[in-house]
Amino acid sequence: GDQVEQSPSALSLHEGTGSALRCNFTTTMRAVQWFQQNSRGSLINLFYLASGTKENGRLKSTFNSKESYSTLHIRDAQLEDSGTYFCAAGLGTGNYKYVFGAGTRLKVIA
Amino acid sequence: EAAVTQSPRSKVAVTGGKVTLSCHQTNNHDYMYWYRQDTGHGLRLIHYSYVADSTEKGDIPDGYKASRPSQENFSLILELASLSQTAVYFCASSGRASAETLYFGSGTRLTVL
């Protein structure tokens with residue numbers, strides 16, 4: 001079955017507002033990465049976390065390995081934040097794979 | 001910033017033909033990956049490699065081969081292209097598996113007719 005479940009699948013935000021995206025994992029993950037896929041299709045690195053919380057500008061991400069989830073918070077959303085956000089989870093020791101979620105399609109509205 | 005370059009950017013192929021997608025990275029990374037993205041979906045791992053001259057199967061390897069002739073280069077080969085292989089293909093690299101950030105190329109849009 002799916003090892004990475006992302007929610008919501010789609011989201012609309014008005015400029016200046018915020019929300020949280022979530023990834024739930026069905027097995028123990030060593031690390032998580034978050035990516036934004038922009039309108040041109042490029043995948044942009046946002047965060048890599050093995051634990052804890054990281055913040056970069058209007059974005060903040062948390063990875064709770066014990067409870068098997070990660071979140072991406074967006075505050076003060078801007079039009080350029082529109083796109084699809086993916087989390088990718090790194091499996092345990094000796095496994096070289098990242099498993100991607102299905103993504104959250106974010107549309108920021110003026 | 002790691003640089004991963006894919007070629008071609010897009011390609012149209014005929015059913016049954018051979019297709020080779022190329023990937024080149026300039027950041028001295030050991031690990032390289034090929035992912036496939038279908039419209040409206042996430043990425044699925046096809047093949048990966050952690051050392052030159054060796055490749056490993058990912059989650060959906062059927063119909064694909066991979067080649068890693070050097071640390072910098074990683075190719076994906078479709079010996080007999082099929083309609084179902086129409087997708088966008090992404091190459092990625094990382095310094096260590098599951099321990100460092102994945103850096104992606106810009107993708108190759110493959111259409112099989």
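So you know, we letter chains A, B, ... as the sequences are listed, proteins then strands, and number each from 1. Just so it is clear, the structure is predicted and the values come from calculations on it, not from any experiment.
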Quick one: what part of Gln37(A) sits under 4.5 Å from any heavy atom of chain B, side chain, backbone, both or neither? side chain

Would you say the side chain of Leu45(B) lies within less than 4.5 Å of the side chain of Val99(A), judging by non-hydrogen atoms? no

Would a hydrophobic clustering, with Ile, Leu, Val, Met, Phe, Trp and Tyr connected at side-chain separations under 4.5 Å, put Tyr31(B) with Ile46(B)? no

Verify same cluster id: Leu21(B), Ile60(B) (apolar side-chain graph, 4.5 Å): yes

With clusters defined by side-chain heavy atoms of hydrophobic residues (ILVMFWY) lying less than 4.5 Å apart, directly or transitively, does Val112(B) cluster with Phe90(B)? no

For each of Leu102(B), Val88(B), Asp59(B), tally heavy-atom pairs with chain A at distances under 4.5 Å, and name the one with the top tally. Leu102(B)

If hydrophobic clusters are built by linking Ile, Leu, Val, Met, Phe, Trp and Tyr wherever their side-chain heavy atoms come under 4.5 Å apart, do Leu43(A) and Tyr89(B) end up in the same one? no

Tell me, out of Arg44(B), Arg109(B), Gln37(B), who's got the most heavy-atom pairs with chain A below 4.5 Å. Gln37(B)

In this structure, would Tyr85(A) and Phe63(A) fall into the same cluster of hydrophobic residues linked by side-chain contacts under 4.5 Å? yes

Got a second to check how far Tyr103(B)'s OH is from Asn45(A)'s CG, nearest 0.5 Å? 6.0 Å

Among Phe100(A), Phe35(A), Tyr98(A), find the one that has a side chain to side chain contact (heavy atoms under 4.5 Å, CB included) with Leu43(B). Phe100(A)

